[in-house]
Amino acid sequence: MPKARKPSRRDFLKTAGAAMAAPYIITSAARGSADRPPPSDRIVMGGIGIGNMGRGDQGAFLNRKDVQYVALCDVREEVREKSKAGIDGHYKNQDCKVYNDFRELLARPDIDAVHIATPDHWHAILVIEACRAGKDVYCQKPETLTLREGPLMIAAARRYGRVVSGGSQRVLEDYRKFVDPAWAGEFGKLKSINVNVDPLPQLCNLPAEDMTEKIDWDLWLGPAPWAPYNSKRCSGSFSINGASWRSFGDYSGGGMTDWGAHHFGGATFVADVRELQPAEVTYHEENGRPYLSYRYPNGFMLYHNRPNTGNLHIEGSDEAAVPKPVPGYQGEGGIYGDFIHCVKTREKPFRDIELAVNSAVVSHLGNIAYALKRSLKWDVARQEFPGDEEANRLVDRARREPWQL
Amino acid sequence: MLDNAFEALKKYDWGTDRAPVTPISDAAAAAHGNPEARKDLESRLLAALKSDISRDAKDYVCRVLTLVGSAAAAPVLSKLLADENHSHMARFALERIPAPEAADALRDALPKLPAKLKIGAISSIGNRGDAHAVSALKGLLEDGDAAVARAAAAALGHIGNAAAEQALRAAHPSSGVVQQAVIDARLACAESLLAVGNAGEALAVYDSLAGDQQPRLVRLAATRGKLACAAKTA
């Protein structure tokens with residue numbers, strides 16, 4: 001299977017710019033052509049959250065001939081305008097509608113599917129509301145901000161029969177070199193894998209700044225605690241060290257979830273425990289440096305930041321493992337093509353929301369163990385820490401009114 | 001060190017250094033298994049919450065109370081529920097404090113809160129799965145403010161027991177948005193009922209939502225539910 005490269009912003013702008021420069025002749029958005037399905041056979045899509053990751057996702061869907069991209073939503077005016085210009089240029093029309101409020105986009109009956117790339121504190125609400133509105137969903141990783149959100153997102157997807165895909169393309173594409181030999185049995189029965197990823201989320205008390213952009217600040221904050229505008233607080237840069245929302249616990253699980261979604265997702269794929277959640281996480285300290293070990297119900301051990309151990313270090317055994325075929329994407333075009341294929345066929349995507357949630361759980365359990373500085377048991381069926389009243393308080397958090405799950 | 005941290009809390013605000021107050025949250029984690037230490041920390045936090053400190057400092061206190069708050073915190077936090085600047089963070093703590101007094105505080109606040117803050121309290125009641133709140137929430141299903149009624153429906157869906165389902169079934173919302181929320185909540189109740197082995201009541205919900213008068217999305221959801229019930233009882 002060829003590796004799909006995630007389109008960059010540069011790719012998208014180059015494509016959109018070339019389209020805008022072309023003379024207006026006739027739009028294939030209006031009718032089918034030899035290499036494009038007729039409108040009735042295209043998946044009608046919109047996007048919510050068109051920042052750094054949203055632009056890439058948008059470009060990938062926009063460039064598919066079997067997708068008609070008709071609407072976008074972002075709380076930043078400049079983002080809306082630039083994104084609309086790119087889409088209208090691509091289609092050589094003015095049809096793309098823009099929204100500040102996602103509820104208006106989700107209310108459109110003509111939209112089949114949405115991609116979501118807001119900050120993490122919005123993911124659960126948006127995925128659930130999209131399912132309630134009958135949309136299929138491609139949601140960026142990490143899909144959840146709290147442990148409780150995952151089961152509610154899965155329930156909404158299953159209730160309404162929606163295709164909901166998580167968003168880490170790296171799980172398959174970056175870790176294939178480990179997955180293939182592991183699933184072929186070359187390492188024997190796997191004992192453990194170590195993942196190195198940092199940092200933990202931090203509290204954000206950045207000072208108030210003058211607002212230098214046109215942004216709906218109340219809607220950006222959404223269910224998160226109120227806080228004054230600060231450009232770093234809401235920056236969508238990839239920093240996880242205090243210069244973007246990815247660093248702060250009100251909006252993200254820090255590097256532990258941001259990169260953890262990739263690394264833990266990859267490690268649990270290599271070990272074929274994607275369908276499981278850890279039964280316990282043990283807190284260790286060595287020379288004052290904390291690290292974790294997770295025990296899965298089948299005995300597999302996952303480590304986090306194990307001393308003197310490299311990222312994705314795999315510990316095999318002499319015990320034979322039965323070779324098995326490696327699951328992959330369906331359709332054409334990497335993880336985006338997999339999602340669109342499943343929208344058409346109603347199959348489960350490679351990063352089905354349940355599998356995505358399971359890898360996010362690893363990150364959240366770790367964040368809670370580090371916050372409490374102690375070991376925890378996890379009851380997967382009940383989704384709680386058995387007999388641990390304190391840890392159970394951290395399974396979820398109150399959302400700012402009027403937002404609720 | 002903790003004394004210094006509480007002293008620093010008096011000057012804590014957005015833009016100040018976080019490090020001087022961090023020993024307070026460290027103390028909360030360290031108090032595990034030490035009821036006296038938890039009680040002492042909670043007392044100091046509640047005293048701080050009642051004092052004249054910044055909004056950000058009160059937010060910080062509520063975050064720590066999420067972990068160490070007890071029944072003693074409920075009356076102090078409940079006084080903040082009607083304050084637009086502090087209502088959410090009061091719930092941030094109250095929602096996660098397992099003491100029944102915290103649930104009482106949220107329920108008791110409902111009639112006193114303006115619509116927006118009431119939605120927050122309703123949401124927290126639902127997230128707690130507070131079965132004692134069914135009657136109060138039922139009364140809100142036909143609230144004149146559709147957002148309040150919608151929130152009440154969602155909360156009943158989270159509670160998910162037979163009484164919650166009955167309350168939802170009896171509702172006659174005029175707003176389409178509320179109708180949709182009531183149906184979604186009934187489907188959620190059916191899933192909860194089925195999960196605890198009450199396939200009969202779950203099936204009754206699905207049967208009532210499978211008719212031609214329902215939108216296609218709902219009919220399909222009800223049909224899937226009926227199949228799940230059949231699989232459970234086969």
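Quick caveat: nothing in here was measured; it's all calculated off a predicted structure. Chain identifiers are assigned alphabetically (A, B, ...) following the order of the sequence lines, protein sequences preceding nucleic acid strands; residue numbering begins at 1 within each chain.
The candidate from B:Q180, B:H32, B:R91, B:M89 with the greatest count of non-hydrogen atom pairs under 4.5 Å with chain A is B:H32. The candidate with the highest count of non-hydrogen atom pairs below 4.5 Å against chain B, out of A:D250, A:V395, A:N392, A:L152, is A:D250. The choice from B:T16, B:L94, B:D184, B:I119 that makes the most heavy-atom pairs within less than 4.5 Å of chain A is B:D184. Here A:P228 is the residue among A:A156, A:G134, A:C204, A:P228 with the most heavy-atom pairs under 4.5 Å with chain B. Between chain A and the residues B:A29, B:A151, B:A121, the largest count of heavy-atom pairs under 4.5 Å involves B:A151.
Judged purely by atom type and a 3.5 angstrom limit, A:R393 uses its side chain to pair as donor or acceptor with the backbone of B:G69.
Contact of A:A381 with chain B is not made at all, since no heavy-atom distance falls under 4.5 Å. Proximity to chain B is limited to the side chain of A:R233, based on heavy atoms less than 4.5 angstrom apart. The contact between B:R38 and chain A is made entirely by side chain atoms (from C-beta outward), counting heavy-atom distances below 4.5 Å. Interface remark: B:L67 contributes backbone and side-chain atoms alike to the contact with chain A (heavy atom separation under 4.5 Å). In this structure, chain A has a heavy atom under 4.5 Å from the side chain of B:S124, while its backbone stays farther away. Of the two parts of A:E389, only the side chain, counted from C-beta on, holds a non-hydrogen atom closer than 4.5 Å to a non-hydrogen atom of chain B. Only the backbone of B:D13 comes within contact range of chain A, judged by heavy atoms closer than 4.5 Å. In this structure, chain B has no heavy atom under 4.5 Å from any part of A:E209. Contact annotation for B:A188: both backbone and side-chain heavy atoms come within less than 4.5 Å of a heavy atom of chain A. If you measure heavy-atom distances from A:A133 to chain B, the contacts under 4.5 Å come from the backbone alone. With a 4.5 Å cut-off on non-hydrogen atoms, B:R224 touches chain A through its side chain but not through its backbone. Residue contact with chain A, scored on non-hydrogen atoms closer than 4.5 Å, involves the backbone of B:V68 exclusively. Heavy atoms of A:L206 lying under 4.5 Å from chain B belong exclusively to its backbone. Using a 4.5 Å cut-off between heavy atoms, A:A371 contacts chain B through its backbone alone, with no side-chain atom that close. When heavy atoms are compared at a cutoff of 4.5 Å, B:S25 does not approach chain A at all.
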message = Apply side-chain contact (heavy atoms from CB on, under 4.5 Å) to residues A:Q404 and B:N127 and explain how you reach the verdict.
response = CA-CA 9 Å; A:Q404 66 178 145; B:N127 290 343; over 6 Å; no

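When all heavy atoms of B:K116 and A:P402 are compared, the pair lying nearest together is CE-CD, 4.1 Å. Closest heavy-atom contact between B:A154 and A:L405: CB-O, 4.2 Å. Closest of all the heavy-atom pairs between B:E95 and A:A398 is OE1-CB, 3.1 Å.
Here B:R63 contributes atom CZ and A:R397 contributes atom CZ; the two are 8.0 Å apart, rounded to the nearest 0.5 Å. Separation of atoms CG (A:N205) and CG (B:D59) is listed at 10.5 Å; rounding is to 0.5 Å. The distance from the NE2 atom of B:H88 to the CZ atom of A:R399 is 8.5 Å, given to the nearest 0.5 Å. In this structure, CG on B:L187 lies 6.0 Å from CZ on A:R159, to the nearest 0.5 angstrom. Going from atom OH of A:Y160 over to atom CG of B:L220 covers 11.5 Å, rounded to the nearest 0.5 Å. Going from atom CD of A:E401 over to atom OG of B:S87 covers 5.0 Å, rounded to the nearest 0.5 Å.
Residues B:W14 and A:N230 are not in side-chain contact: their nearest non-hydrogen atoms beyond the backbone lie 4.5 Å or more apart. A heavy-atom distance below 4.5 Å is not found between the side chains of B:R96 and A:L394.
The number of heavy-atom neighbours closer than 6.0 Å to CD of B:E36, taken from other residues, nucleotides and ligands shown, is 12 or below. The local environment of NZ in A:K232 is sparse, with at most 12 non-hydrogen atoms from other residues, nucleotides or ligands closer than 6.0 Å. For B:R216, the CZ atom sits in a loose shell: 12 or fewer heavy atoms of surrounding residues, nucleotides or ligands are nearer than 6.0 Å. Around atom CD of A:E275, no more than 12 heavy atoms belonging to other residues, nucleotides or ligands sit under 6.0 Å away.
Using a 4.0 Å cut-off between charged side-chain N and carboxylate O, A:R158 and B:E191 make no salt bridge.
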